[in-house]
Novice: 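The structure under discussion is supplied below as structure tokens; questions concerning it will follow.
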Amino acid sequence: MIDIRLLRNNPNEVISSIARRGIDTTQLYKAIELDSSLRSITAQRDKVRAEIKLISKSVGQAAKNLDQSSIEALRQESRQLGDKEQELDRQVEQIDKALRSILLATPNIPAIDCPDGAGAQDNVILRTWIAEKGIEAEFDPSLYFDYQRVPHWEIGDALGLLDLSRAAKLSGSMFGLYKGKGAALVRALNQFALDLHSELYQEIHPPSFVRSETMVSTGHLPKFSDDAYYMERDDLWAIPTAEVPLTSMARDEILSESDLPMRFCASTPCYRREAGSAGRDTRGLLRLHEFNKVELLAYATPSQANQVHQEILSSAESILQALKLTYRVVDLCTGDIGNSAARTFDLEVYAPGCDMWLEVSSVSWFSDYQARRANIRYRPNSSEGKKSPSFIHTLNGSALAWPRTWAALVETYRQSDGSIVVPEILRPYMKGMERISFD
RNA sequence: GGAGGGAUGGCAGAGCGGCCGAAUGCGAGGCUCUUGAAAAGCCUUGGGUUAGUAGCCCCGUGGGUUCAAAUCCCACUCCCUCCGCCA
């Protein structure tokens, strides 16, 4: 949620910033009007309330003096004021509700240095890391051999690592089913990523079903309810990402500045209805309703946020480098960043078999947008006098989403004989296995 | 699923319908004393709204009774204990 005071005091600045997303901002002008009438009517109501309180006290006095006639008079007066108060309060509630629903639907203000753009085509590629050379360089498709130009679903089928037709039998399209060494490979990836990060990030194993309030905190509700799975019987939502529970852990809490930044990692299943993307990326593992990923998330003070953002980015990059996969870092433009984010870097890994750059991580800074919704604050260190609590900043990034990483990995590591070499770093997690070949 | 008990400030824990935004203890911060520290003493210390140390709101949430609700009534949510069932 954006700060209503910021909007009130700098309306033009805020509105033009949000307009950089290329969305309609007329509702924000309405919000400003609602806010000003809300404040004036609230003031009127509070004045009436103050009167009522005074009268009530005099009734107490009169009762002590057994002054029946003045008690009755005061009661009359108070009742009349009560009617007035109720009417004003009704208006306050109505306006407040209208204002709130606009604010909840309003996306975050993009960061100043977030590049302008209308959509994915305007994203800025910051750098490309070439696994074969172990350095940042120009991408060169000729580095790949013909035997790497086989899509992962064919590889998975040939080596018996994937069984997508049975997955479809069980659950329909866009579900995965890994088998044998294919399953072991996902497990290895997961374990490896958690081990790599558990020094810096505290490991959490959160629930994967959450209440509505939890989804609202991160901005996944109310606007994007169609994208999530909902269990009506129990009024619970299946999480679309570990960001949801990890962010809400500190909901309604006041943290102390000396504990910040706080860093967490979690491996969870992620559930997405993909309502708006029917027919897109339907082959293989590129788009699934259920997948696993390891998520990194941090709570920080506003002044720490930028550094922590870079830190999470390099943590995520370090996995791809360790796996020796080619990837690029993309700075998402204002037209492409998510609603709650102020700045986002995507990591896209190159999958030679499909000849596609696959988004495997999205590292975002949410400024105080989520913290405001979730009411997560911190108390500044009291060295310079007393300061009241203010909102923290939240940041997160997928440490990696497994299906797409798995896909890029088997395509990249395919050999001329059709087998797959297991990346060295994963071998300890695969009982030392060096190669996945035909059984 | 059944039966009980509970929900108050960072934590613990009081609170006859008006004198309660709330005792007390702990914790935290500041000061005094001290070479320094400890101990001791003194003072301060919930959140929100607002230009505001004014007013108003917040004692799980939502309703109700009343001139007046933390306190009475109703509903709901959550937590704890016991029983049953089950990984």
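Each chain gets a letter, A, B and so on, in the order its sequence line appears, and its residues count up from 1. Because only heavy atoms are used, hydrogens play no part in the values below, and waters and symmetry mates are left out as well, while side chains stay in. Bear in mind that the values here come from a model prediction, so they are computed numbers and not experimental data.
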Novice: Applying a 3.5 Å limit to both distances, which nucleotide forms a Watson-Crick or G-U wobble pair with B:G1?
Specialist: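 For B:G1, the partner nucleotide comes out as B:C83, under the 3.5 Å rule.
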Novice: Check the angle between the aromatic planes of A:H289 and A:F175 and answer parallel, tilted or perpendicular using the 30° and 60° thresholds.
Specialist: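 It falls in the tilted class, 30° to 60°.
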Novice: Could you label the plane-to-plane angle of the A:W365 and A:H393 rings as parallel, tilted or perpendicular, counting under 30° as parallel and over 60° as perpendicular?
Specialist: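 Tilted.
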Novice: Aromatic rings A:Y299 and A:F264: how do their planes relate, parallel, tilted or perpendicular, breaks at 30° and 60°?
Specialist: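 It falls in the perpendicular class, over 60°.
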Novice: Looking at the side chain of A:V59, which of B:G18, B:U50, B:G47 is the nearest nucleotide?
Specialist: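 Nearest nucleotide to the side chain: B:G18.
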Novice: Is B:C33 paired to anything, Watson-Crick or G-U wobble with both distances less than 3.5 Å, and if yes, which nucleotide?
Specialist: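 B:C33 is paired with nothing.
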Novice: Provide the distance between the two C1' atoms, one in B:A38 and one in B:G48, to the nearest whole Å.
Specialist: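 B:A38 and B:G48 have their C1' atoms separated by 40 Å.
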Novice: Using the C1' atom in both, what is the distance from B:G21 to B:A70, to the nearest Å?
Specialist: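 The same atom, C1', in both gives a distance of 10 Å.
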Novice: If you compare every side-chain N and O of A:R379 against the phosphate oxygens of B:A28 (OP1, OP2), does one of them come in below 4.0 Å?
Specialist: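 Looking at the OP1 and OP2 atoms of B:A28, neither is under 4.0 Å from any side-chain N or O of A:R379.
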Novice: Any side-chain N or O of A:R49 under 4.0 Å from OP1/OP2 of B:C56?
Specialist: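 No, outside the criterion.
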Novice: Under a 4.0 Å threshold between the charged nitrogen and the carboxylate oxygen, would A:R8 count as salt-bridged to A:D3?
Specialist: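 No.
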Novice: Can you see if the side chain of A:R39 gets near the phosphate of B:A51 - specifically, an N or O under 4.0 Å from OP1 or OP2?
Specialist: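 Yes.
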Novice: So does A:S208 get a backbone contact from the side chain of A:W237, meaning a donor-acceptor N/O pair under 3.5 Å?
Specialist: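 The answer is no, because no donor-acceptor pair under 3.5 Å joins these two groups.
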Novice: Could you state the CD-C1' distance from A:E213 to B:C78, rounded to the nearest angstrom?
Specialist: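 Atom CD in A:E213 sits about 11 Å away from atom C1' in B:C78.
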Novice: Return the nucleotide paired to B:C78: Watson-Crick means purine N1 to pyrimidine N3 with N6-O4 or O6-N4, wobble means G-U with N1-O2 and O6-N3, both under 3.5 Å.
Specialist: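 Paired with B:C78, as far as the under-3.5 Å criterion goes, is B:G6.
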Novice: Using whole Å, what does the distance between atom P of nucleotide B:U77 and atom CG of A:D235 come to?
Specialist: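 Going from A:D235 (CG) to B:U77 (P), I get 11 Å.
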Novice: Indicate the atoms forming the closest heavy-atom contact of A:S315 with A:H197, along with that distance.
Specialist: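 Taking every non-hydrogen atom into account, O-CE1, 3.3 Å.
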Novice: Grab the CG-P distance between A:N375 and B:G60 for me, whole Å please.
Specialist: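 Atom CG in A:N375 sits about 17 Å away from atom P in B:G60.
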Novice: Quote, to the nearest angstrom, the C1' distance that separates B:C33 from B:A14.
Specialist: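 Between the two C1' atoms, the distance is 35 Å.
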Novice: Just how far, in rounded Å, is P of B:U8 from CG of A:D252?
Specialist: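 Distance, rounded to whole Å: 14 Å.
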Novice: Is A:R45 close enough to B:C57 that one of its side-chain N or O atoms is under 4.0 Å from OP1 or OP2 there?
Specialist: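 No, A:R45 has no side-chain N/O under 4.0 Å of OP1/OP2 on B:C57.
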Novice: If you check the A:S78 side chain, which of B:C67, B:G55, B:C78 turns out closest?
Specialist: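 Nearest nucleotide to the side chain: B:C67.
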Novice: Can you find a side chain N or O atom of A:R75 that sits less than 4.0 Å from OP1 or OP2 on B:A68?
Specialist: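 A:R75 to B:A68 OP1/OP2: no side-chain N or O under 4.0 Å.
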Novice: Could you tell me the Watson-Crick or G-U partner of B:C67, where both distances fall under 3.5 Å? Say none if there is no partner.
Specialist: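 Answer to the pairing question: B:G18, which forms a Watson-Crick or G-U pair with B:C67.
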Novice: Tell me: CG of A:D259 to P of B:G10, nearest whole Å?
Specialist: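 Rounded to whole Å, this separation is 15 Å.
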Novice: Among B:G48, B:C67, B:A51, which is the nearest nucleotide to the side chain of A:P389?
Specialist: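 Among B:G48, B:C67, B:A51, the one nearest the side chain of A:P389 is B:G48.
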Novice: Under 3.5 Å for both donor-acceptor distances, Watson-Crick or wobble: does B:A12 have a partner, and if so which one?
Specialist: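 Matched B:A12 with B:U24 under the 3.5 Å cut-off.
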Novice: Let's see if you can work this out: which of B:C56, B:U50, B:G47 has an atom nearest to the side-chain heavy atoms of A:R5?
Specialist: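 Within the option list, the nearest is B:U50.
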Novice: Is A:E93 salt-bridged to A:R90, going by a charged N under 4.0 Å from an acidic O?
Specialist: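 Salt bridge flag = no for A:R90 with A:E93.
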Novice: For B:C56, give its Watson-Crick or G-U wobble partner with both distances under 3.5 Å, or none.
Specialist: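 Across any shown strand, B:C56 pairs with B:G48.
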Novice: How far does the C1' atom of B:G1 sit from the matching atom of B:C85, given to the nearest Å?
Specialist: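 Per the computed distance, 8 Å lies between those C1' atoms.
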Novice: Toward the 5' end of RNA chain B, which comes first, A:E93 or A:I254, by nearest nucleotide?
Specialist: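 The 5'-side residue here is A:I254.
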Novice: Mind checking the P distance from B:G63 to B:G10? Whole angstroms is fine.
Specialist: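 To the nearest whole Å, 24 Å.
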Novice: Name the closest nucleotide to the A:R211 side chain, picking from B:G47, B:G55, B:U77.
Specialist: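 That would be B:U77.
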Novice: Can you tell me how far C1' of B:U49 sits from CG of A:L6, to the nearest Å?
Specialist: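 The distance from CG of A:L6 to C1' of B:U49 comes to 17 Å, rounded to the nearest Å.
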Novice: Quick check on B:C20: is either OP1 or OP2 less than 4.0 Å from any side-chain nitrogen or oxygen of A:K57?
Specialist: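 A:K57 to B:C20 OP1/OP2: no side-chain N or O under 4.0 Å.
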Novice: I need the CD-C1' distance between A:Q86 and B:U66, as an integer number of Å.
Specialist: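 Going from CD in A:Q86 over to C1' in B:U66 covers 13 Å.
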Novice: How many Å lie between CZ on A:R79 and P on B:C67, as a whole number?
Specialist: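 Checked: the CZ to P distance equals 4 Å.
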Novice: Given B:C57, B:C67, B:G48, identify the nucleotide with an atom nearest to the side chain of A:K53.
Specialist: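 The closest nucleotide is B:C57.
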Novice: Should we count CZ of A:R251 as having more than 12 external heavy atoms under 6.0 Å?
Specialist: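 Enclosed: over 12 neighbouring heavy atoms sit under 6.0 Å from CZ of A:R251.
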Novice: Taking the same atom, C1', in B:C59 and in B:A22, what whole-Å distance lies between them?
Specialist: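 About 8 Å, rounded to a whole number of Å.
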Novice: Just call it for A:S56: base, sugar-phosphate, or nothing, with non-hydrogen atoms closer than 4.0 Å on any strand.
Specialist: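 The residue A:S56 makes base contact.
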Novice: Taking B:G41 as the reference, what is the distance to B:U24 when you measure between their P atoms (whole Å, please)?
Specialist: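 Comparing P positions in B:U24 and B:G41 gives a spacing of 16 Å.
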Novice: Quantified in whole Å, what is the C1' atom distance between nucleotide B:G4 and nucleotide B:A54?
Specialist: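 The answer is 48 Å between these two C1' atoms.
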Novice: Using heavy-atom distances to pick each residue's nearest nucleotide on RNA chain B, tell me which of A:I55 and A:G60 is more 5'.
Specialist: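 Mapping each residue to its closest nucleotide by heavy atoms, the 5'-most match is A:G60.
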